[in-house]
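Got a structure for you, written out below as structure tokens; questions coming shortly.
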Amino acid sequence: MRGTTDFIEQKREKPKELDAAKRVATWKEYVQAFPEAKLRTQASRCMECGTPFCQMGELIGRQTSGCPLYNLIPEWNTLAAQGKWEEAYQRLLLTNNFPEFTSRACPAPCEGSCTAGLVSEPVTIKSIERAIIDRAWEEGWIKPRIPLKRNGLKAAVVGSGPAGLTAADDLNQAGYDVTVFEKEDRFGGLLMYGIPNMKIEKQYVERRVDLLQAEGITFKANTEIGKDITLDELESAFDAVLLCIGAEKQRDMDIPGRDLKGIYPAMEYLKANTKHLLDHGENGEPQISAKGKKVIVIGGGDTGADCVATAIRQGCKSVVQFGKHGELPKERPEHEPWPVNPSLFTLDYAYEESFKVFGEDPRQYYIQTTAFHGNENGEVTGLVTVPFSDPRGAEQQVWEADLVLIAIGFQGVDDSKSAGIELQNGLIQTLPGSFQTNREGIFAAGDAKRGASLIVWAMQEGKKAAKEIDLYLSQKDKATCQPSA
Ligand SMILES: Cc1cc2nc3c(=O)[nH]c(=O)nc-3n(C[C@H](O)[C@H](O)[C@H](O)COP(=O)(O)OP(=O)(O)OC[C@H]3O[C@@H](n4cnc5c(N)ncnc54)[C@H](O)[C@@H]3O)c2cc1C
Ligand code: SF4
């Protein structure tokens, strides 16, 4: 029975994770499913706030606070607490096209804004979301929803990441004939070739793409717009075009020794590993392997953490990760008051694994690389660092390394400028408050427009862009049907 003070009396619990020492021998997701009884107790901690900050989806300063998809969190928490799983799934579906992705890899800014967190600990919203969607798949509630009517208009979506897939889904359901073009051999964008298996196993991405295909969306892989088909050709073949091409251009380091062998952009490394696993399973070595190597990851963010976890699974000899900032606080800092989702120190999955395997946290703070060292064969053997804005001003340090991964962020989109699309600071520029680019009928959404971000923001943009395209085409259709005076 649910009580009004359950959020105080019941302690927050998270689902179990595979033991860090054992899970590094596999590429499986490390978060386990929650047993139903525990889930219902956790869902009962939700207070059903009259003003649910968890679902507001705002940027406060630079922090995402609340759910950018405006998920109806208190509503499906209540249904989950009552064991009404199918109804909970129906509520979740109203705002979230692909909860199996968000509930696995979203950093859950909703939880940082949960009111229960003010006096106790926040509700485990993300785990409840995952239980609802996993159950919906298991129970067979998710079936192809084939639109009954088509409106005769065609939309092209370029890029099959979360932004492109969300927009394609909404446009298809609205009756458009949708074709998704993808330059890679597999669909999903960074869900497929960025985020490692440990966070999202790839069969879940494939299962969703299969469903979208069954619902009538056409998918074309190995087709790069700007190379295999020009944007002009696409524009004349479709009524609207949506560019969801991500922010793939990686930041690099212009320092001595950068051209040595054994130094790679993080994405090249992560993609090669996932592609190898999908093509060959665990047989043989991926194109870039950390096996037996001393690995240094430059860049203290999440992409760097995914490189650490991947290198450990490949059997590296050691791994260190450099960040230019200091350690995050363990408690909510004063400058990030509730309902801001605070940036806090966490022992991310990769760091916990490093502790178990090597007995230490791989993170080094306030550190900047100034040069790479190599041998007579042109291979990297190490690097030199200095403290980055460290008031203590320590000495220059030399580190040994035979594999270096650069994970210092993304600069924006590649090559769309040539197609006549205006960029600003490397990102596709759109009209104020709109997804329309400088070319009428061509729209942009996701990381390509807002910069490298999160799945949940990419999906929000995909939804909003689809809505705008629908409005644009329906107004255009009406205008062309007007009888002439
Ligand atoms: C290593 C890594 C880990 C991450 N982990 C998380 C996480 O745990 N949680 C989270 O919320 N976010 C995470 N992110 C961020 C998240 O993945 C992105 O914000 C999100 O995928 C952006 O979606 P998108 O659809 O805009 O672009 P993308 O996912 O980048 O998809 C763009 C697609 O467009 C295709 N494309 C590009 N140009 C063309 C062209 N000319 N023709 C045809 N196709 C083209 C690309 O091949 C790609 O498939 C991570 C990012 C990285 C790099
Ligand atoms: S999508 Fe992310 S922010 Fe939204 S409810 Fe799920 S975990 Fe929370």
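Note that the structure is predicted; figures quoted are calculated from it, not measured. Remember, it's 1-based here, ligands and their atoms both numbered in the order they're listed.
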**Message:** Considering non-hydrogen atoms of the protein only, which is the closest contact for atom 3 (C) of ligand 1, and what is the distance?
**Reply:** Asp306 OD2, 3.2 Å

**Asked** Against heavy atoms of Leu270, which atoms of ligand 1 measure under 4.0 Å?
**Response** 1 (C)

**Asked** Taking atom 44 (N) of ligand 1 as the point of reference, which of Lys183, Lys449, Lys199, Arg104 owns the nearest heavy atom?
**Response** Lys183

**Message:** Inside 2.8 Å of atom 4 (Fe) of ligand 2 but strictly below it, how many protein N/O/S atoms are present?
**Reply:** 1

**Modelled atom types, side-chain donor and acceptor of Asn273 and Gln314, under 3.5 Å** = yes

**Request:** Considering heavy atoms of the protein only, find what lies nearest to atom 50 (C) of ligand 1 and give residue, atom and distance to 0.1 Å.
**Result:** Ile195 CG1, 4.0 Å

**Message:** Can you tell me which portion of Met267 lies within the under-4.0 Å heavy-atom range of ligand 1? Options are side chain, backbone, both, or neither.
**Reply:** side chain

**Request:** Please check if the side chain of Ser120 supplies one atom and the backbone of Ala116 the other of a donor-acceptor pair under 3.5 Å.
**Result:** no

**Message:** With a 4.5 Å cut-off on side-chain heavy atoms, are Asp348 and Arg363 touching?
**Reply:** no

**Request:** State the atoms of ligand 1, each with its element, that fall below the 4.0 Å cut-off from a heavy-atom position in Glu184.
**Result:** 47 (O)

**Request:** State whether the side chain of Asp228 and the backbone N or O of Glu224 hold a donor-acceptor pair below 3.5 Å, judged by distance alone.
**Result:** yes

**Prompt:** Do the ring planes of Tyr30 and Tyr349 sit parallel (below 30°), tilted (30 to 60°) or perpendicular (above 60°)?
**Reply:** parallel

**Request:** Write out the residue and atom name of the closest protein heavy atom to atom 26 (O) of ligand 1, then the distance separating them to 0.1 Å.
**Result:** Asp447 N, 2.8 Å

**Item:** Which residue and heavy atom of the protein sit nearest atom 7 (C) of ligand 1, plus the separation
**Value:** Ala105 O, 3.4 Å

**Message:** Given Gly159, Cys244, Gly226, identify the one with the heavy atom nearest to atom 32 (C) of ligand 1.
**Reply:** Cys244

**Request:** Select the closest option to atom 10 (C) of ligand 1 among Asp348, Val456, Ile455, judged by heavy-atom distance.
**Result:** Ile455

**Asked** Looking only at atom types and distance, does a side-chain atom of Glu352 sit under 3.5 Å from a main-chain N or O of Phe355, one as donor and one as acceptor?
**Response** no

**Asked** Is Lys199 salt-bridged to Glu29, going by a charged N under 4.0 Å from an acidic O?
**Response** no

**Item:** Tyr351: partners by ring-ring contact (aromatic ring centres under 6.0 Å, His included), with sequence neighbours left out
**Value:** none

**Request:** Mark yes or no: Arg186 above the aromatic ring of Tyr193, with NZ or CZ under 6.0 Å from the six-membered ring centre and no more than 45 degrees from the axis.
**Result:** no

**Request:** Examine the proximity of ligand 1 to Glu248 and report which part, side chain or backbone, both or neither, has a heavy atom under 4.0 Å away.
**Result:** side chain

**Asked** Quick one: which ligand 1 atoms are inside 4.0 Å of a heavy atom on Gly246?
**Response** 27 (O), 30 (O), 32 (C)

**Request:** Number the atoms of ligand 1 from 1 as they appear, then name those within less than 4.0 Å of a heavy atom of Leu454, with their elements.
**Result:** 10 (C), 11 (O), 12 (N), 19 (O)

**Prompt:** To which protein heavy atom is atom 25 (O) of ligand 1 closest, and what is the distance rounded to 0.1 Å?
**Reply:** Ala163 N, 3.0 Å

**Item:** Atoms in ligand 1 with a heavy atom of Gly189 nearer than 4.0 Å
**Value:** 29 (O), 31 (O), 48 (C), 49 (O)

**Check: Glu468 and Leu471 side chains under 4.5 Å, non-hydrogen atoms** = no

**Complete:** atom 14 (N) of ligand 1: of Pro107, Ser453, Pro196, the nearest heavy atom sits on Ser453

**Asked** So, does Lys126 use its side chain to make a donor-acceptor pair with the main chain of Cys106 at under 3.5 Å?
**Response** yes

**Request:** Could you find the nearest protein heavy atom to atom 37 (C) of ligand 1 and give me its residue, atom name and distance?
**Result:** Ile245 O, 3.2 Å

**Request:** Without swapping roles, check the side chain of Arg45 against the backbone of Pro122 for a donor-acceptor pair under 3.5 Å.
**Result:** yes

**Message:** Is the contact between Leu190 and ligand 1 made by the side chain, the backbone, both, or neither, using heavy atoms and a 4.0 Å cut-off?
**Reply:** both

**Request:** Indicate, with yes or no, if the rings of Tyr269 and Tyr264 have centres closer together than 6.0 Å.
**Result:** no

**Request:** Pick whichever of Gly161, Gly462, Pro162, Gly446 has a heavy atom sitting closest to atom 23 (O) of ligand 1.
**Result:** Pro162

**Message:** I'd like to know if the side chain of Glu111 reaches the main chain of Ala108, judged simply by a donor and an acceptor atom lying under 3.5 Å from each other, with no hydrogens or angles considered.
**Reply:** no

**Shortest protein heavy-atom distance from atom 49 (O) of ligand 1, along with the residue and atom involved** = Glu182 OE1, 2.6 Å

**Message:** Which of the numbered atoms in ligand 1 are under 4.0 angstrom from any heavy atom belonging to Thr223?
**Reply:** 42 (N), 43 (C)

**Message:** For the residue pair Gln42 / Ser127, report whether a side-chain donor-acceptor contact shorter than 3.5 Å exists.
**Reply:** no

**Prompt:** What residue and heavy atom of the protein are closest to atom 42 (N) of ligand 1, and at what distance?
**Reply:** Ile225 N, 3.0 Å

**Prompt:** Are Trp457 and ligand 1 in contact, using a heavy-atom cut-off of under 4.0 Å?
**Reply:** no

**Request:** Indicate yes or no: does an N/O atom of Ala452 lie under 3.5 Å from an N/O atom of ligand 1?
**Result:** no

**Asked** What about Thr303: any of its N or O atoms under 3.5 Å from an N or O on ligand 1?
**Response** no

**Prompt:** Is there a donor-acceptor contact under 3.5 Å linking the side chains of Trp338 and Ser113?
**Reply:** no

**Item:** Student check: side-chain heavy atoms of Phe443 and Val241 closer than 4.5 Å
**Value:** no

**Prompt:** Is there a donor-acceptor pair closer than 3.5 Å between any side-chain N or O of Arg104 and the backbone N or O of Ile200?
**Reply:** no

**Prompt:** Counting each atom of ligand 1 from 1 as listed, which ones have a heavy atom of Gly194 under 4.0 Å away?
**Reply:** 1 (C)

**Message:** If we count only N and O atoms by modelled type, under 3.5 Å, do the side chains of Tyr472 and Asp239 hold a donor and an acceptor together?
**Reply:** no

